[in-house]
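Counting convention: from 1, in listed order, for ligands and their atoms alike. This is a predicted model, so every value here is computed, not measured.
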Amino acid sequence: MSSFAACIFDLDGVIVDTARYHFSAWRRLANELGFDFTEEENEQLKGVGRMQSLELILSWGGKELTSGEKMEWSVKKNEWYLDLIKEMDEAEILPGTVHFLDELRANKIKVALGSASKNARTILGRIGLTNYFDAIVDGNLTTNPKPHPEVFLKGANAVQVAPESCVVFEDALKGVEAAIAGGMHVIGVGKPEILTEADHVISSLKEMSFAKLNNILKEKTIIT
Ligand code: B16
Ligand code: MG
(Lines give C-alpha, C1' and ligand atoms only; values in the text may rest on other atoms or scores of the structure.)
(Ligands and ions follow the chains in the order given, each with its own letter.)
Protein backbone atom coordinates (compact mmCIF):
# COMPACT_ATOMS: atom_id res chain seq x y z
CA MET A 1 0.00 0.00 0.00
CA SER A 2 1.35 3.37 -0.96
CA SER A 3 1.62 6.22 1.56
CA PHE A 4 0.55 8.78 -1.05
CA ALA A 5 -2.26 8.96 -3.59
CA ALA A 6 -1.27 11.84 -5.89
CA CYS A 7 1.83 13.53 -7.28
CA ILE A 8 1.67 17.16 -8.38
CA PHE A 9 4.43 18.34 -10.69
CA ASP A 10 5.73 21.81 -11.33
CA LEU A 11 6.57 22.16 -15.05
CA ASP A 12 9.53 24.45 -15.64
CA GLY A 13 12.63 23.02 -13.96
CA VAL A 14 11.06 19.65 -13.14
CA ILE A 15 9.65 18.20 -16.37
CA VAL A 16 11.26 20.52 -18.88
CA ASP A 17 13.92 23.23 -18.81
CA THR A 18 12.08 26.23 -20.21
CA ALA A 19 13.96 28.60 -17.85
CA ARG A 20 16.62 29.23 -20.51
CA TYR A 21 13.95 30.33 -23.01
CA HIS A 22 12.31 32.59 -20.43
CA PHE A 23 15.78 34.05 -19.67
CA SER A 24 16.48 34.72 -23.30
CA ALA A 25 13.09 36.43 -23.90
CA TRP A 26 13.30 38.51 -20.69
CA ARG A 27 16.85 39.52 -21.58
CA ARG A 28 15.71 40.72 -24.98
CA LEU A 29 13.07 42.83 -23.21
CA ALA A 30 15.67 44.29 -20.82
CA ASN A 31 18.10 44.97 -23.67
CA GLU A 32 15.43 46.76 -25.69
CA LEU A 33 14.73 48.91 -22.62
CA GLY A 34 18.46 49.68 -22.36
CA PHE A 35 19.78 47.44 -19.59
CA ASP A 36 20.78 43.84 -18.91
CA PHE A 37 20.60 41.36 -16.04
CA THR A 38 22.58 38.33 -14.98
CA GLU A 39 21.95 34.60 -14.84
CA GLU A 40 22.10 34.87 -11.03
CA GLU A 41 19.32 37.44 -11.07
CA ASN A 42 17.38 35.18 -13.44
CA GLU A 43 17.36 32.49 -10.71
CA GLN A 44 14.94 34.71 -8.77
CA LEU A 45 12.41 34.47 -11.60
CA LYS A 46 11.97 30.70 -11.35
CA GLY A 47 8.41 29.79 -10.43
CA VAL A 48 7.44 33.47 -10.42
CA GLY A 49 4.48 34.54 -12.61
CA ARG A 50 4.81 36.69 -15.73
CA MET A 51 3.80 40.12 -14.38
CA GLN A 52 5.68 39.63 -11.12
CA SER A 53 8.80 38.68 -13.13
CA LEU A 54 8.43 41.85 -15.20
CA GLU A 55 8.21 43.98 -12.04
CA LEU A 56 11.41 42.42 -10.68
CA ILE A 57 13.31 42.90 -13.94
CA LEU A 58 12.21 46.54 -14.22
CA SER A 59 13.38 47.15 -10.65
CA TRP A 60 16.82 45.70 -11.52
CA GLY A 61 17.06 48.11 -14.47
CA GLY A 62 15.66 51.03 -12.46
CA LYS A 63 12.88 51.45 -15.06
CA GLU A 64 9.41 52.75 -14.38
CA LEU A 65 6.61 52.01 -16.84
CA THR A 66 2.89 52.75 -16.86
CA SER A 67 0.56 49.79 -16.42
CA GLY A 68 -0.36 49.98 -20.13
CA GLU A 69 3.32 49.84 -21.12
CA LYS A 70 3.90 46.90 -18.75
CA MET A 71 1.06 45.05 -20.43
CA GLU A 72 2.48 45.73 -23.90
CA TRP A 73 5.99 44.58 -22.93
CA SER A 74 4.67 41.43 -21.25
CA VAL A 75 2.76 40.55 -24.44
CA LYS A 76 5.92 41.12 -26.50
CA LYS A 77 7.99 38.98 -24.12
CA ASN A 78 5.45 36.18 -24.40
CA GLU A 79 5.51 36.33 -28.20
CA TRP A 80 9.32 36.05 -28.18
CA TYR A 81 9.10 33.20 -25.67
CA LEU A 82 6.49 31.35 -27.77
CA ASP A 83 8.71 31.78 -30.79
CA LEU A 84 11.64 30.23 -28.90
CA ILE A 85 9.60 27.20 -27.83
CA LYS A 86 7.86 26.59 -31.13
CA GLU A 87 10.29 23.83 -32.13
CA MET A 88 10.14 22.13 -28.74
CA ASP A 89 9.44 18.38 -28.76
CA GLU A 90 9.73 15.27 -26.57
CA ALA A 91 13.53 15.40 -26.82
CA GLU A 92 13.36 18.24 -24.24
CA ILE A 93 11.61 16.18 -21.55
CA LEU A 94 14.04 16.03 -18.61
CA PRO A 95 15.62 12.60 -17.89
CA GLY A 96 13.64 10.17 -15.74
CA THR A 97 10.29 11.93 -16.21
CA VAL A 98 8.53 9.44 -18.50
CA HIS A 99 9.74 6.41 -16.55
CA PHE A 100 8.51 7.86 -13.26
CA LEU A 101 5.16 8.91 -14.76
CA ASP A 102 4.73 5.37 -16.14
CA GLU A 103 5.42 3.93 -12.69
CA LEU A 104 2.87 6.26 -11.07
CA ARG A 105 0.25 5.28 -13.61
CA ALA A 106 0.96 1.56 -13.13
CA ASN A 107 0.45 2.07 -9.38
CA LYS A 108 -2.80 4.03 -9.81
CA ILE A 109 -1.36 7.25 -8.39
CA LYS A 110 -3.14 10.39 -9.60
CA VAL A 111 -0.96 12.85 -11.50
CA ALA A 112 -1.52 16.62 -11.65
CA LEU A 113 0.37 19.63 -12.95
CA GLY A 114 0.79 22.72 -10.76
CA SER A 115 2.53 25.43 -12.78
CA ALA A 116 2.61 29.23 -12.72
CA SER A 117 2.92 29.26 -16.50
CA LYS A 118 0.04 30.33 -18.73
CA ASN A 119 1.74 28.35 -21.50
CA ALA A 120 1.75 25.05 -19.59
CA ARG A 121 -0.85 23.30 -21.79
CA THR A 122 0.96 24.34 -24.96
CA ILE A 123 4.24 22.98 -23.61
CA LEU A 124 2.76 19.67 -22.39
CA GLY A 125 1.14 19.24 -25.79
CA ARG A 126 4.38 19.94 -27.60
CA ILE A 127 6.38 17.43 -25.56
CA GLY A 128 3.56 14.86 -25.83
CA LEU A 129 2.84 14.42 -22.11
CA THR A 130 -0.71 15.82 -21.82
CA ASN A 131 -2.31 12.38 -21.51
CA TYR A 132 -0.31 11.51 -18.39
CA PHE A 133 -2.09 14.22 -16.41
CA ASP A 134 -5.41 13.69 -14.63
CA ALA A 135 -5.55 17.45 -13.94
CA ILE A 136 -3.70 20.51 -15.20
CA VAL A 137 -3.67 23.63 -13.03
CA ASP A 138 -1.72 26.50 -14.59
CA GLY A 139 -1.33 30.27 -14.45
CA ASN A 140 -4.69 30.73 -16.19
CA LEU A 141 -6.54 29.09 -13.30
CA THR A 142 -4.81 30.77 -10.36
CA THR A 143 -4.73 34.27 -8.95
CA ASN A 144 -2.31 33.88 -6.05
CA PRO A 145 1.34 33.28 -6.97
CA LYS A 146 3.55 30.72 -5.19
CA PRO A 147 4.41 30.66 -2.22
CA HIS A 148 0.62 30.80 -1.89
CA PRO A 149 -0.59 27.17 -2.01
CA GLU A 150 -3.51 27.87 -4.40
CA VAL A 151 -2.03 26.13 -7.45
CA PHE A 152 -1.32 22.90 -5.54
CA LEU A 153 -4.56 22.93 -3.53
CA LYS A 154 -6.49 23.28 -6.78
CA GLY A 155 -4.48 20.37 -8.22
CA ALA A 156 -5.24 18.19 -5.18
CA ASN A 157 -8.89 19.14 -5.35
CA ALA A 158 -9.08 18.38 -9.07
CA VAL A 159 -7.85 14.81 -8.51
CA GLN A 160 -9.88 14.52 -5.28
CA VAL A 161 -6.96 13.67 -3.02
CA ALA A 162 -6.42 15.20 0.45
CA PRO A 163 -3.34 17.50 0.64
CA GLU A 164 -1.59 15.24 3.17
CA SER A 165 -1.69 12.40 0.60
CA CYS A 166 -0.11 14.56 -2.13
CA VAL A 167 3.56 14.82 -3.04
CA VAL A 168 4.70 17.96 -4.86
CA PHE A 169 7.81 18.03 -7.09
CA GLU A 170 9.29 21.55 -7.28
CA ASP A 171 12.49 23.25 -8.41
CA ALA A 172 11.81 26.72 -6.93
CA LEU A 173 12.04 27.66 -3.26
CA LYS A 174 8.77 29.59 -3.54
CA GLY A 175 7.13 26.45 -4.92
CA VAL A 176 8.50 24.32 -2.08
CA GLU A 177 7.07 26.85 0.36
CA ALA A 178 3.72 26.75 -1.45
CA ALA A 179 3.54 22.96 -1.12
CA ILE A 180 4.35 23.13 2.60
CA ALA A 181 1.76 25.89 3.08
CA GLY A 182 -0.76 23.55 1.44
CA GLY A 183 0.06 20.77 3.92
CA MET A 184 1.70 18.51 1.29
CA HIS A 185 4.87 16.47 1.13
CA VAL A 186 7.49 18.02 -1.13
CA ILE A 187 10.44 16.73 -3.09
CA GLY A 188 12.82 19.45 -4.23
CA VAL A 189 14.34 19.08 -7.68
CA GLY A 190 17.62 20.97 -7.72
CA LYS A 191 20.17 21.99 -5.11
CA PRO A 192 19.72 20.99 -1.42
CA GLU A 193 21.38 24.25 -0.28
CA ILE A 194 18.61 26.22 -2.05
CA LEU A 195 15.61 23.95 -1.46
CA THR A 196 16.31 23.68 2.25
CA GLU A 197 12.69 23.23 3.35
CA ALA A 198 11.91 20.24 1.10
CA ASP A 199 11.46 16.78 2.67
CA HIS A 200 14.07 15.43 0.29
CA VAL A 201 16.04 16.86 -2.63
CA ILE A 202 16.97 15.11 -5.89
CA SER A 203 18.91 16.56 -8.80
CA SER A 204 16.43 15.24 -11.37
CA LEU A 205 13.52 12.81 -11.70
CA LYS A 206 16.10 10.26 -12.88
CA GLU A 207 16.81 9.75 -9.16
CA MET A 208 13.17 9.08 -8.32
CA SER A 209 11.10 5.90 -8.33
CA PHE A 210 7.81 4.76 -6.85
CA ALA A 211 9.66 2.56 -4.31
CA LYS A 212 12.08 5.35 -3.33
CA LEU A 213 9.28 7.83 -2.80
CA ASN A 214 7.47 5.38 -0.54
CA ASN A 215 10.65 4.94 1.52
CA ILE A 216 11.22 8.70 1.84
CA LEU A 217 7.67 9.22 3.10
CA LYS A 218 7.88 6.22 5.47
CA GLU A 219 11.07 7.64 7.03
CA LYS A 220 9.43 11.06 7.34
CA THR A 221 6.52 9.56 9.28
CA ILE A 222 8.88 7.70 11.62
CA ILE A 223 10.98 10.82 12.32
CA THR A 224 8.08 13.27 12.82
P1 B16 B 1 4.43 32.20 -18.47
P2 B16 B 1 6.65 26.85 -13.36
C3 B16 B 1 6.95 29.35 -14.28
O4 B16 B 1 6.73 27.98 -14.53
C5 B16 B 1 8.39 29.70 -14.63
O6 B16 B 1 9.28 29.05 -13.75
C7 B16 B 1 8.60 31.20 -14.52
O8 B16 B 1 9.92 31.54 -14.87
C9 B16 B 1 7.58 31.91 -15.44
O10 B16 B 1 7.71 33.31 -15.35
C11 B16 B 1 6.18 31.48 -15.03
O12 B16 B 1 6.06 30.08 -15.12
C13 B16 B 1 5.11 32.12 -15.90
O14 B16 B 1 5.26 31.65 -17.21
O15 B16 B 1 5.01 33.52 -18.85
O16 B16 B 1 4.65 31.11 -19.50
O17 B16 B 1 2.98 32.30 -18.04
O18 B16 B 1 8.04 26.69 -12.83
O19 B16 B 1 5.64 27.33 -12.32
O20 B16 B 1 6.17 25.64 -14.12
MG1 MG C 1 9.58 25.55 -11.72
Counting only nitrogen or oxygen atoms and a 3.5 angstrom limit, does [X] reach ligand 1?
| X | answer |
| --- | --- |
| Trp26 | no |
| Asp171 | no |
| Asp12 | yes |

Within rounding of 10°, what is the angle whose vertex is the Mg ion (ligand 2) and whose arms end at OD2 of Asp10 and OD1 of Asp171?
80°
Atoms of ligand 1 less than 4.0 Å from [X] heavy atoms?
| X | result |
| --- | --- |
| Lys146 | 19 (O) |
| Lys118 | 1 (P), 16 (O), 17 (O) |
| Ser115 | 2 (P), 4 (O), 19 (O), 20 (O) |
| Leu11 | 20 (O) |
| Asn119 | 1 (P), 16 (O) |

Of all N, O or S atoms in Asp12, which has the smallest distance to the Mg ion (ligand 2)?
O
Of Phe169, Tyr132, Phe152, which meets ring-ring contact (aromatic ring centres under 6.0 Å, His included) against Phe9?
Phe169
Ignoring hydrogens and angles, state whether a donor on the side chain of Lys46 or His22 is under 3.5 Å from an acceptor on the partner side chain.
no
[Y]/[X] salt bridge by N-O under 4.0 Å criterion:
| X | Y | result |
| --- | --- | --- |
| Glu72 | Lys76 | no |
| Glu92 | Arg20 | yes |
| Asp138 | Lys118 | no |

Report yes or no: do Ile123 and Val189 belong to one cluster of Ile/Leu/Val/Met/Phe/Trp/Tyr joined by side chain heavy-atom distances under 4.5 Å?
yes
Looking only at protein heavy atoms, which one is nearest to [atom], and how far off is it?
| atom | result |
| --- | --- |
| atom 2 (P) of ligand 1 | Asp10 OD1, 3.0 Å |
| atom 10 (O) of ligand 1 | Val48 O, 2.7 Å |
| atom 19 (O) of ligand 1 | Ala116 N, 2.7 Å |
| atom 15 (O) of ligand 1 | Arg50 NE, 2.8 Å |
| atom 8 (O) of ligand 1 | Leu45 O, 3.1 Å |

Counting C-beta onward and ignoring hydrogens, is there a side-chain heavy-atom pair between Leu82 and Ile85 closer than 4.5 Å?
yes
For the NZ atom on Lys110, are there more than 12 heavy atoms of other groups (residues, nucleotides or ligands in this structure) within a distance under 6.0 Å?
no
Is it true that atom CD of Glu164 has more than 12 heavy atoms of other residues, nucleotides or ligands lying nearer than 6.0 Å?
yes
Criterion side chain to side chain contact (heavy atoms under 4.5 Å, CB included) on Ile127 and Ile15, from CA distance to verdict
CA-CA 10 Å; Ile127 60 177; Ile15 290 177; 3.9 Å; yes
Using heavy-atom distances only, which candidate in Ala120, Ser53, Ser117, Gly47 approaches atom 13 (C) of ligand 1 most closely?
Ser117
Looking only at heavy atoms of Gln52, does any of them come nearer than 4.0 Å to an atom of ligand 1?
no
So, using ring pair (Phe, Tyr, Trp, His ring centres under 6.0 Å) as the criterion, who are the partners of His185 when residues are at least two apart?
none
